[in-house]
Structures are given as structure tokens and as C-alpha cells.
Amino acid sequence: MPPTPKPPAPPNPSNGAIAAAFEELGDLYELDGAIIHRVVAYRSAARAVRDAPVSVAALAREGRATELSGIGETLQQKIVELADTGTLAAAEKLRSRFPPGLIDLTRLPGMGPKRARRLFDELGLASLEALREAAAAQRLRGLRGFGAKFEETVLAALDAGVAERTAPRFLLHRALGQAERLVEGLVAAGGPEVRVEVAGSARRMADSVKDLDIVAAGADPALLTSALAELDVVESCERTGDAGARARAHTGLAIDFRVVEHDQFGNLLQHLTGSKEHNMALREAAVRRGLHVSEYGVLEDASGETHRCSVEEEVYRLLGLAYIEPELRENRGELEAAALDGPGALPELVRAEHLRGDLHCHTVASDGRNTIEQMALAARERGYEYLAITDHSASHGFGNDVSPDELRRQIERVTEANAAIEGIELLAGSEVNIMPDGGLDYDDDLLAELDWVIASVHTAFGMDEREMTDRIITALEHPLVDALGHPTGRLIERRVPYAVALDEVIDAAARTGTMIEINSNPDRRDLAEGPARAAAHAGVPILINSDAHGTNTLSVVRWGVATARRAWLSAANVANTLPYQRFAALRKRAGKG
DNA sequence: GCCGTTTTCGGCCCGACTGTTTTCAGTCG
Ligand SMILES: Nc1nc2c(ncn2[C@H]2C[C@H](O)[C@@H](COP(=O)(O)OP(=O)(O)OP(=O)(O)O)O2)c(=O)[nH]1
Ligand SMILES: [Mg+2]
Ligand SMILES: [Mg+2]
Ligand SMILES: [Zn+2]
């Protein structure tokens with residue numbers, strides 16, 4: 001007689017769900033007045049979980065989640081509790097004491113957990129609406145530490161709708177466009193000695209940015225801040241201090257501007273480039289060496305001397321570290337790898353000049369704007385050795401479909417263009433739709449006539465994770481699928497990735513010899529940096545592709561290169577840095593299998 | 001709550017800015 005089947009274990013919570021639970025619990029503990037370091041521990045644990053490339057719930061069940069920096073025994077148990085019961089008892093308890101509206105209050109500028117808690121305790125305020133009424137009735141000023149000015153700013157923020165919508169983040173390419181004009185204007189105003197640079201998440205080439213952080217030195221701060229306010233891109237200056245200014249561009253993008261003396265420029269640039277997590281870890285490590293880092297210098301306990309650094313390299317050198325490229329400064333292992341006396345090493349990051357080809361672009365055959373010849377010449381102009389022409393496939397909508405017969409003619413046209421145009425190898429390819437069942441929308445005979453197939457999901461995004469993962473893995477197992485295009489379908493700040501278990505997709509790509517694309521469209525940058533790092537680590541050849549729909553967008557690989565660099569990739573991880581013959585041999589269809 | 005080239009306990013990055021604080025707390029970056 002078979003043993004009675006155990007009830008199926010509930011599915012493990014995703015890393016995102018665990019991270020959200022820790023963030024919420026951190027917020028609740030903060031409202032509860034817990035010591036701030038405990039709150040910070042929850043937040044850094046949340047980040048460690050979110051960044052982890054594997055299921056942290058599965059790790060915790062094996063007792064191995066503590067291998068992640070920031071997760072100890074207590075939090076490992078909480079992960080198991082969340083996986084087993086679907087909730088955290090500690091959070092349940094605190095949720096019953098603090099209504100959800102209380103957390104909403106802290107979305108207002110100047111309103112943190114301490115003030116929100118006092119408004120709740122002393123005035124019973126537990127929602128934005130109740131706060132508005134109390135402020136309008138001038139009931140806040142009766143409390144110690146609150147005044148008329150505070151009531152004013154609360155009402156102004158509520159009227160401006162700050163509470164309803166979260167402040168939008170700007171895509172990197174839009175932010176950098178504005179940054180260029182700001183830097184130019186400040187350099188023009190500051191005179192020949194001035195140094196101005198973009199810092200913050202924009203310098204780190206993040207997917208999107210909350211604000212533009214700009215640093216300057218070598219000119220009078222008052223002169224620079226007034227010049228900033230006068231620039232045509234700047235709408236208003238919100239406040240000006242001795243150290244800099246806070247302004248807003250006409251686009252709505254906030255600007256953080258800081259100025260120091262010329263010999264502190266390296267200190268300030270290092271500080272304002274961040275990230276916050278990188279800075280905190282760097283400063284903690286420095287303290288252990290008897291050094292104190294700030295944007296003004298590095299104070300040495302032993303001598304009492306403050307070392308000013310005019311360049312960033314000097315800051316890192318003082319701390320016994322190799323220079324760290326801005327894209328790596330996220331406290332994801334770069335400080336350990338940079339230690340000059342340690343065993344690790346930083347990667348030699350891939351650069352745009354390394355790229356020798358592009359394996360995803362469109363022409364007038366589907367929704368592109370240029371012909372095969374025009375795309376080929378533009379690619380050659382960029383110095384490429386090869387280009388794959390990959391128009392959409394038979395089932396693509398919007399009148400951009402390419403029927404099997406049309407694809408046969410397209411193959412002939414590519415072959416002719418390849419013969420006619422010197423100095424670049426053209427691959428006859430297709431961006432083939434992955435159908436809901438994982439099948440492709442051309443026959444294998446036709447796919448075999450192509451030089452290159454990149455397969456992508458363009459329909460039925462709403463499938464559940466299991467179905468979507470199986471769908472994509474089925475496509476990866478097809479011997480004529482050379483690469484997977486934009487693997488999650490995300491649009492940065494606009495559309496979340498479809499549900500898919502990327503760790504399984506990455507394993508399947510590694511197993512089947514399928515390449516994975518980083519689509520460089522600045523709205524996509526898909527595969528994102530986290531999974532791209534995991535994919536490269538698993539040995540999957542990565543492609544940095546433009547998905548250009550015209551000759552003028554081949555250059556968007558700049559953004560894909562940025563994502564690759566943030567993923568710690570070197571040229572050796574990126575297949576389209578190879579010379580053509582070696583690239584061609586790496587395609588699945590060229591394989592000996 | 002985490003963590004360790006002085007520690008398994010006692011620390012935990014550092015500064016700008018604001019408001020009402022008579023000497024600094026709270027918030028933010
Ligand atoms: N040492 C230290 N530096 C910080 C802290 N918070 C922020 N910074 C530094 C590092 C950040 O990159 C820099 C700019 O802050 P931002 O809030 O603008 O963040 P960042 O530009 O990294 O991202 P974002 O603007 O959100 O896209 O200031 C902190 O708590 N400590
Ligand atoms: Mg910023
Ligand atoms: Mg900022
Ligand atoms: Zn596509």
C-alpha cells in the first residue's frame with residue numbers, strides 16, 4: 001500500500017515577496033521606535049534577497065540563506081516562517097497596532113516615522129485625509145516640535161498631490177540628455193578652472209534616475225548656484241545653501257547640485273556618485289582602518305590629518321582599493337573584489353568599442369524604416385564586421401508580419417546585399433515569435449535556411465509563471481533557435497516583466513547552447529543587469545543587441561553596454577565581441593551536436 | 001539584527017538643511 005501522500009508544500013515565496021515583507025517589517029519596527037540599526041538590518045536584508053540570483057526561500061530551507069551578507073539566523077528563520085505560513089507573526093502583530101494609513105503619512109516630504117508616530121499617538125491621525133483636516137484646523141502647531149510652517153508645507157504637499165502619485169523616475173537616456181546641457185551651462189559660467197561632472201545614479205548608468213546629481217569645484221559656489229538657476233533648462237531653484245542647491249528642470253526632473261574646493265573634487269564626486277549602499281560599506285570598511293570618509297576628505301585617526309583628493313582614484317587608493325568603475329558601485333561585491341591586499345579582482349568591463357556585430361535589427365520588410373542595404377552600410381560605418389537582419393515573423397500583428405514566401409525572398413535579398421557590399425558580413429535572420437505553446441511560427445525547413453534566429457515573446461504576456469517558463473524553455477530547446485530576445489518583455493518604469501522563472505530559463509540556455517540578448521533599447525534594457533550577471537556566470541553567451549528599427553538607432557547599444565557593465569560583464573562574456581568566424585561557430589546551428 | 005586582521009559583545013557612515021530646538025532632533029541625500 002502506498003504511503004498517504006503529504007499535502008503539497010506551498011510554493012516558495014519569490015525573492016521579491018520576501019524582500020517586500022522585510023521592508024514592511026522594517027517600516028513597522030521603525031514606527032514602533034525600534035533602534036535604527038535593527039531597521040537598517042531589515043532593509044539591507046531586503047536588498048540582499050532582492051539581488052540574489054537564486055530562490056532565497058529554497059536556500060533558507062537548506063539553512064544556507066545566512067551565506068548572503070545581511071541575513072543571519074533570525075532572518076533566515078523568518079524566511080522559513082514566511083514560506084511555511086505565508087506571513088510573519090511579528091508583522092501581523094504590528095499591523096494590528098499601526099493602521100496602513102500611518103505609513104502613507106511618511107510619503108510627505110519632511111514627514112518621517114518619528115513625526116508620523118507622534119501625530120498618531122497625540123492627535124489620533126492615521127490617514128492623509130485626517131492629517132489634511134488637522135493641518136487646516138491648525139491643530140498641529142499645538143504639539144512640541146510642530147509649528148505653523150509645518151502645517152503650511154503639509155497642506156502645500158497635499159494640494160500638489162505629492163501623496164497620491166509616487167514621483168516619476170526618468171529613463172537614463174532622457175536624464176543624461178538634460179545633464180549634458182546643465183554641465184555645459186555650468187562650465188560656461190564657471191570659467192576655465194571649473195570642473196563639473198554628473199554623479200549619482202546617472203553616472204552609474206542605472207536604468208532610471210530619481211534626480212540628477214551634479215558636482216562642481218574650482219569656482220565660487222554662489223556664482224555657480226546662481227548660474228544654475230539662470231540656465232534655460234532650469235525651471236526653478238527650490239533652495240540654495242552654502243554647499244550647493246536643489247533645483248528643478250522644466251521636464252520635472254529634480255537637480256541636486258553640490259560644490260567643494262578644487263582639491264576636494266575627487267572626494268565629492270566619489271560621495272555623490274554613490275550608491276548609498278556602496279558609500280556606507282566603503283565608509284564602514286574605512287573606519288575599521290582608522291579612516292573617516294566624507295565628501296570633504298579622508299580623515300586619518302592616527303595623524304589627525306584630513307587628506308583631500310582632487311581625483312577619485314586617490315580616495316580609493318587611500319582605502320587600499322583599486323579604482324572601481326561607477327557602474328559597479330552598488331555594494332554587490334565590488335569592494336571585496338577591489339581590495340588590493342585581497343584575493344579578488346575587478347572585471348575588465350566590456351566597452352562599446354569591443355562590439356563587432358549586431359544580431360537584432362529590423363528593415364522595411366517589417367516595421368523598420370530603412371532597407372537592408374542602408375542598415376548594412378550604417379553598421380559598417382560603426383566599424384561592425386557583421387549584422388543580422390531580423391525582421392518580425394509570420395504571426396506578427398500590426399501589418400508587420402513576414403509570410404514564409406516573403407521570408408524566402410528576404411533571404412535572397414540579404415544574400416544579394418551581402419555579395420554586393422564589401423566589408424561586412426550579413427546574416428539572413430528572423431525575430432521569430434514564440435507561440436503560447438513554445439512553438440515557432442515558421443516551419444523548421446524554412447528556419448534551417450536562415451543563418452540566424454532570435455526568438456522572442458510578443459503575445460500572451462498574461463500566462464502564469466509556470467506556463468511562461470515552460471513556453472520559453474521549449475523554444476530554447478529548439479535546435480534552430482540561436483538566441484532569446486528581450487527575455488522578460490519589461491518596459492522600464494512602464495511595464496513589469498511578464499512572470500517567468502529566469503533562473504530556469506538561464507539554466508536551459510546554458511544547457512542548450514542558446515545565447516541570451518541584452519536588448520539595448522533604453523526603454524527595455526532586457527535582460528536586466530541582475531539576471532544578466534547570473535546568466536554570464538552560468539556560462540550563457542550574452543549578446544548586446546540594438547533591436548534597431550532604423551540606421552539612427554544602431555547606436556542604442558550604448559545602453560545595453562551600460563547594463564552589461566552593471567552586470568560585471570567583460571568582453572569575454574559577450575558573444576558579439578568575437579570576430580565573425582568565431583561568432584558564427586558559436587551559434588547553436590553551427591554546433592557539432 | 002548583523003557581524004568581526006583589536007571584538008561572539010558592542011558597536012553600527014557622515015553631512016546638509018530645516019524649524020523652534022535654548023543646545024538639537026528629525027529628515028533627507
Ligand atoms: N554616505 C552616504 N551617501 C549617501 C547617502 N544617501 C545618499 N548618498 C549619496 C550617494 C548617492 O548616490 C548620492 C545621491 O543620492 P540620491 O538619493 O540622488 O541617489 P542616487 O542618485 O544614487 O539614485 P536616484 O537618485 O534614486 O536615482 O548621495 C547616505 O545615507 N550616506
Ligand atoms: Mg540621484
Ligand atoms: Mg540626489
Ligand atoms: Zn521584439
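In what follows, every chain begins at residue 1, and chains take the letters A, B, ... in the order their sequences are listed.
- Across all strands, A:R38 comes closer than 4.0 Å to base atoms (heavy-atom distances).
- Note on A:I36: nothing from the nucleic acid sits closer than 4.0 angstrom, heavy atoms only.
- For CD of A:E193, the number of neighbouring non-hydrogen atoms (other residues, nucleotides, ligands) closer than 6.0 Å is 12 at most.
- Classification of A:E325 and A:R351 as a salt-bridged pair fails, no side-chain N sitting under 4.0 Å from a carboxylate O.
- For the pair A:Q270 CD and B:dG29 P, the computed distance is 19 Å after rounding to whole Å.
- Residue A:R115 places its side chain closer to B:dG26 than to any other of B:dG26, B:dG29, B:dC14.
- Taking every side-chain heavy atom of A:R246 into account, B:dG29 is the closest of B:dT21, B:dG29, B:dG15.
- When distances are taken from the side chain of A:V287 to each of B:dC2, B:dC13, B:dT27, the shortest belongs to B:dC13.
- At B:dC2, none of the side-chain N or O atoms of A:Y42 fall inside 4.0 Å of OP1 or OP2 (strictly under the cut-off).
- If you check B:dG29, B:dC17, B:dT27 against the side chain of A:P113, the one that comes closest is B:dT27.
- The nucleotide B:dC2 finds its pairing partner in B:dG11, both defining distances of the Watson-Crick or G-U wobble pair being shorter than 3.5 Å.
- Using a 4.0 Å heavy-atom cutoff across all strands shown, A:S69 reaches sugar-phosphate atoms only and no base atom.
- Counting non-hydrogen atoms under 4.0 angstrom, A:V39 reaches nothing in the nucleic acid.
- With salt bridges taken as basic N to acidic carboxylate O contacts below 4.0 Å, one links A:E23 and A:R50.
- Backbone-only engagement by A:L108 is indicated by non-hydrogen atom pairs under 4.0 Å involving sugar-phosphate atoms exclusively.
- No salt bridge links A:R566 with A:D207; every basic N to acidic carboxylate O contact stays at or beyond 4.0 Å.
- A:D256 comes within contact range of the sugar-phosphate backbone alone, with a heavy-atom separation under 4.0 Å but no base atom that close.
- Here B:dC17 is the nucleotide among B:dT27, B:dC17, B:dG29 with the atom lying nearest to any side-chain atom of A:R239.
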